[in-house]
Every structure is written in structure tokens, then in C-alpha cells.
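Working notes for the structure below.
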Amino acid sequence: MISIIIPVYNSEKYLEETIESVYSQTFCDWELILVDDGSTDRSGELCEKAAILNPKTRVVHKKNGGLSSARNAGITAAKGSCLLFLDSDDLLPPVALELLSKKMADSGSDIVCGNIHNFRSSANLLGSHNFMKSIPGQIGIKTFTPVKALEKILYQKTINNSVCGKLFSKNLFREVRFREGTGYEDLDIISPLVLEATKISVIALPLYHYRQHQESYIHTFSMKRCDVLEVTRKMVDYMACNCPRLLPAARSRQLSANFNILGLIAANRNHIKERGLSEEAGRIACDCWNKIKELRGESLRNPSVRLKNKTGILASYLGGRPLTEAIGKMIYR
């Protein structure tokens with residue numbers, strides 16, 4: 001059985017559509033766990049309504065604790081042997097569970113990854129070929145060792161670091177949980193999960209639909225976004241202790257994070273000033289610039305580092321911090 005975990009916080013606008021995408025699955029052996037994380041809108045009522053309409057749906061109500069806390073509550077409540085995380089404004093195509101579970105059984109992998117497809121309007125999505133209603137005849141699938149899979153994640157190639165769009169063996173979570181109180185929780189948890197796995201398979205099909213809207217975390221700016229700096233610092237430390245051969249990849253990902261935050265701060269100066277955060281943001285930006293100078297030489301010489309990072313590195317050498325900020329505003333947002 002697959003346990004589908006949906007953290008819910010003030011999600012009434014999209015929640016029913018998200019739940020319906022679960023109910024429309026061609027695969028039948030699942031349970032849906034809706035974790036109401038202290039919602040103040042009608043989300044809790046919608047969760048209860050779903051549980052009444054479908055006996056395979058359970059609701060966990062809890063005090064607000066954030067995304068990681070809600071996911072952890074869902075993991076604890078899960079009865080399935082596999083876990084799938086679905087955000088409350090996103091959608092699953094009808095064949096997602098069937099295809100992910102079949103490939104997990106066929107390959108013996110502990111993690112099976114599908115592609116993430118970005119969309120804005122579900123009306124357009126439902127009418128497109130991306131919202132698959134049957135399994136295609138020929139499916140491209142690749143299987144990797146844990147180290148090779150994590151290398152691709154850290155270099156930001158082929159496999160993304162999101163826990164969404166992936167099917168996990170629940171055994172991977174025996175001693176691992178999302179770190180509560182931090183942003184970028186997916187990037188934070190992905191390394192221990194992947195290294196704990198036996199094999200990781202990747203299906204070259206869009207099996208998760210990520211809704212693009214202005215209220216989403218990635219499309220809004222707050223100083224919480226700077227958590228990625230601490231997450232990637234911890235990641236480098238983790239690799240040093242657990243998988244030294246991936247240290248160059250981890251440092252490349254840390255470099256990306258520092259480019260990203262430097263560019264975000266430069267792009268949101270007025271917003272930051274209005275909220276009286278200029279001093280804090282200035283300090284963080286200086287730290288980012290110093291870390292970029294520390295890491296750029298190694299990454300420039302590393303043939304595995306992606307082109308976007310090398311563009312930022314060249315800008316840092318040619319134009320110093322001003323050009324790096326300008327490039328960051330354009331390509332690291």
C-alpha cells in the first residue's frame with residue numbers, strides 16, 4: 001500500500017482539486033493522510049468532508065508547526081510500505097501511483113522518481129497530453145547507485161532534490177525525519193534518504209504537477225529563504241563524514257545557494273528596506289560573496305559543474321560583486 005501524505009495549511013483554494021487527483025488514480029492500493037496543520041480557513045472542514053466521502057482517507061489535526069512538522073506527523077500515521085508526498089496545491093496525473101509502484105517492484109529500487117511538470121491553469125492541464133490517463137507503451141527508465149543519484153541531485157542534473165514526485169520505501173524513514181523549523185526541508189533530507197537506499201530509478205515522464213502561483217514559497221521572498229545557506233553548509237559537513245567523494249558536488253550545490261541568495265537580496269532591496277531588514281540582509285549578502293570567492297575556483301575547474309554556476313563564477317571574476325549580483329538577479333531567482 002502507498003501512503004499519500006498531504007500537509008494542509010490554509011489550502012482551501014486548491015485542496016479539493018488536489019484530493020480529487022488522488023481519487024482519480026488508476027492504482028487502487030493507497031491511503032490518503034491529510035495533515036491539517038492548524039489551518040484557520042475552511043481547509044480542516046474540507047479534510048473532514050473528504051474522509052467522510054472516501055474511507056481510504058484519514059485526517060490528522062494538529063497545532064501549526066510548519067511543513068516539516070506536518071509531513072513528520074503524516075509519516076508517523078502512515079500504514080503503507082511506501083510513501084508519496086503531495087503538496088496541497090499540486091496534482092498527480094492518474095497513472096502516477098500505478099507507474100511508480102510498478103517500476104519500484106520491477107527494479108527493486110527504494111526510491112523511484114518521476115519528472116515534475118510546472119503548470120498554472122488546471123483547466124489547460126486537464127486538456128493537455130501531460131495529464132496522462134493511461135500508461136505509454138515505451139517508458140524511459142534509468143537506475144542509479146545511491147552515490148551516482150546523489151551526485152546528479154547535487155550537481156542539479158537529471159534528478160531534482162524535491163521529495164515530491166518520488167515514491168519512497170517507508171523503511172528509509174526508520175531513523176530519518178524532516179528537520180522542523182527550517183526552510184528547504186527537501187534539500188535538507190534528500191542526502192540521507194538517497195544514501196540509505198539500495199537503488200534509485202528515474203522515469204522520464206511527468207508524474208507530478210507543480211502549480212505555479214504567486215503565493216507559493218518559491219515565488220515569494222522572505223528572509224526565511226536564507227535557510228538554504230545553513231542547509232547546504234550542513235550538507236557539506238554531512239558529505240565530509242559520510243561520503244567524501246561527493247564533497248565537490250556538495251560544494252557546488254553550496255555555491256549555487258550562495259549565488260541564489262545574493263541575487264535574491266539584490267533583487268528585493270526595496271522590499272527588504274521597507275521591512276527594516278537591510279542590516280541583516282547586508283550581512284548575509286557579504287557572507288554569500290565571501291563564500292562564492294572561497295568556492296568558485298574549485299567549481300570553475302570541475303567539469304561536472306553546471307553552466308549556470310560557471311556563468312556566475314565568470315561574472316564574479318570579471319565584474320566582482322556588482323556584476324555577480326546583476327547576473328544573480330537574472331538567473332538565480
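Remark: side-chain polar atoms of D110 are paired, donor with acceptor, to backbone N or O of T198 under 3.5 angstrom. The backbone N or O of A249 sits nowhere less than 3.5 Å from a side-chain atom of R253 that would complete a donor-acceptor pair. Side chain of E12 to backbone of R42: a donor-acceptor contact under 3.5 angstrom is found. Checked by atom type and distance alone, the side chain of S68 pairs as donor or acceptor with a backbone atom of R179 at under 3.5 Å. In this structure a side-chain-to-backbone donor-acceptor pair under 3.5 Å is missing from D186 to N161. A donor-acceptor pair is defined here as one N or O able to donate and one able to accept, closer than 3.5 Å; no such pair exists between the side chain of S299 and the backbone of R296.
Salt-bridge check for D287 with K291: failed, with every basic side-chain N at 4.0 Å or more from each acidic carboxylate O. The pair K49-E16 meets the salt-bridge criterion, with a side-chain N (NZ, NE, NH1 or NH2) lying under 4.0 Å from an Asp/Glu carboxylate O. A salt bridge links K224 to D227: one of the charged nitrogens lies within less than 4.0 Å of a carboxylate oxygen. Between R321 and E325 there is a salt bridge, since at least one side-chain N of the basic residue sits less than 4.0 Å from a carboxylate O of the acidic one.
Side-chain heavy-atom separations under 4.5 angstrom define the hydrophobic clusters, and the remaining members of the one that includes V305 are Y155.
In summary, the side chains of S3 and K170 do not present any donor paired with an acceptor at a separation below 3.5 Å, with no hydrogens or angles considered. Neither side chain, E230 nor T182, offers a donor N or O lying under 3.5 Å from an acceptor on the other. N160 and K166 are linked by a side-chain donor-acceptor pair at a separation below 3.5 angstrom, with hydrogens and angles left out of the test. Judged by distance alone, the side chains of T232 and Y184 never bring a donor and an acceptor atom under 3.5 Å apart. Under the 3.5 Å distance criterion, with hydrogens and angles disregarded, no donor-acceptor pair is assigned to the side chains of D36 and S43. Between the side chains of D90 and Y208, at least one donor-acceptor pair of N or O atoms lies under 3.5 Å.
Enclosure of atom NZ in K148 is not indicated, since only 12 or fewer non-hydrogen atoms of other residues, nucleotides or ligands lie within 6.0 angstrom.
We find the OG-CD distance between S304 and Q156 to be 13.0 Å, quoted to the nearest 0.5 Å.
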Quiz: residues 75-88 side-chain donor-acceptor pairs under 3.5 angstrom, not counting sequence neighbours:
from : atom 1 : to  : atom 2 : distance (Å)
T76  : OG1    : N72 : O      : 3.1
D87  : OD1    : R71 : NH2    : 3.3
S88  : OG     : S11 : OG     : 2.7

